[in-house]
Amino acid sequence: MTTSESALLRTKINQETATYPWQELQRQFATGQVIAVASELDLVEVAAMMADDRASEFAALLQTGQVAKVSDSQAQLWLEQNAQLWTVVVKPWILVQQRAH
């Protein structure tokens, strides 16, 4: 992917991000489609990595635990907190991130 194509992809992904209540993502969570992204990472960059199929870079994030399917305990905590999360869709996945306050 060229630099300009990469920049266009990031711009497109950035425009598709939104805050969303965790409560509204329960169905997708139940099907295993929701991936949590650590707050220290750039959500747009991780989404671009997935969309651009940069598998080795994404695998490194999985290995360190900075990116993972949302656990039952995390889901329960977000539900109790009525959490609003940054989200972006990279089909078939929904990436979510709880922003540091």
Quick one: [atom1] on [X] to [atom2] on [Y], what's the gap to the nearest 0.5 Å?
{"X": "T87", "Y": "L25", "atom1": "OG1", "atom2": "CG", "answer": "6.5 Å"}
{"X": "F58", "Y": "D52", "atom1": "CZ", "atom2": "CG", "answer": "13.0 Å"}
{"X": "S56", "Y": "L61", "atom1": "OG", "atom2": "CG", "answer": "10.0 Å"}
{"X": "M50", "Y": "W93", "atom1": "CE", "atom2": "CH2", "answer": "7.0 Å"}
{"X": "Q74", "Y": "K69", "atom1": "CD", "atom2": "NZ", "answer": "16.0 Å"}
{"X": "M49", "Y": "R54", "atom1": "CE", "atom2": "CZ", "answer": "5.0 Å"}

Residue E16 excluded, over 12 heavy atoms near CD under 6.0 Å: yes
Take atom CD in E80; do more than 12 heavy atoms of anything else shown fall under 6.0 Å from it? yes
Is the shortest heavy-atom distance from the side chain of [X] to the side chain of [Y] under 4.5 Å?
{"X": "W86", "Y": "L43", "value": "yes"}
{"X": "W22", "Y": "L77", "value": "no"}
{"X": "Q98", "Y": "Q81", "value": "yes"}
{"X": "V90", "Y": "L95", "value": "yes"}
{"X": "Q26", "Y": "L79", "value": "yes"}

Is there a path of hydrophobic side-chain contacts, each under 4.5 Å between heavy atoms, that joins [X] and [Y]?
{"X": "F29", "Y": "V89", "result": "yes"}
{"X": "V67", "Y": "V44", "result": "yes"}
{"X": "V96", "Y": "V88", "result": "no"}
{"X": "L9", "Y": "V46", "result": "yes"}

To which residues is L8 joined in a hydrophobic cluster, defined by side-chain heavy-atom contacts under 4.5 Å among Ile, Leu, Val, Met, Phe, Trp and Tyr, whether direct or through other members? none
Results of side chain to side chain contact (heavy atoms under 4.5 Å, CB included) for Q15 - residues two or more places apart only: T11
Residues passing the side chain to side chain contact (heavy atoms under 4.5 Å, CB included) test with A59, sequence neighbours excluded, are none
Taking all atoms of both residues into account, what is the closest heavy-atom pair of T64 and Q66, and its distance? OG1-OE1, 3.0 Å
So that I can tick it off, tell me whether E5 and R10 are bridged by a salt bridge, with the cut-off set at under 4.0 angstrom between side-chain N and carboxylate O. no
Backbone N or O of L41 within a donor-acceptor pair of the Q97 side chain at under 3.5 Å? yes
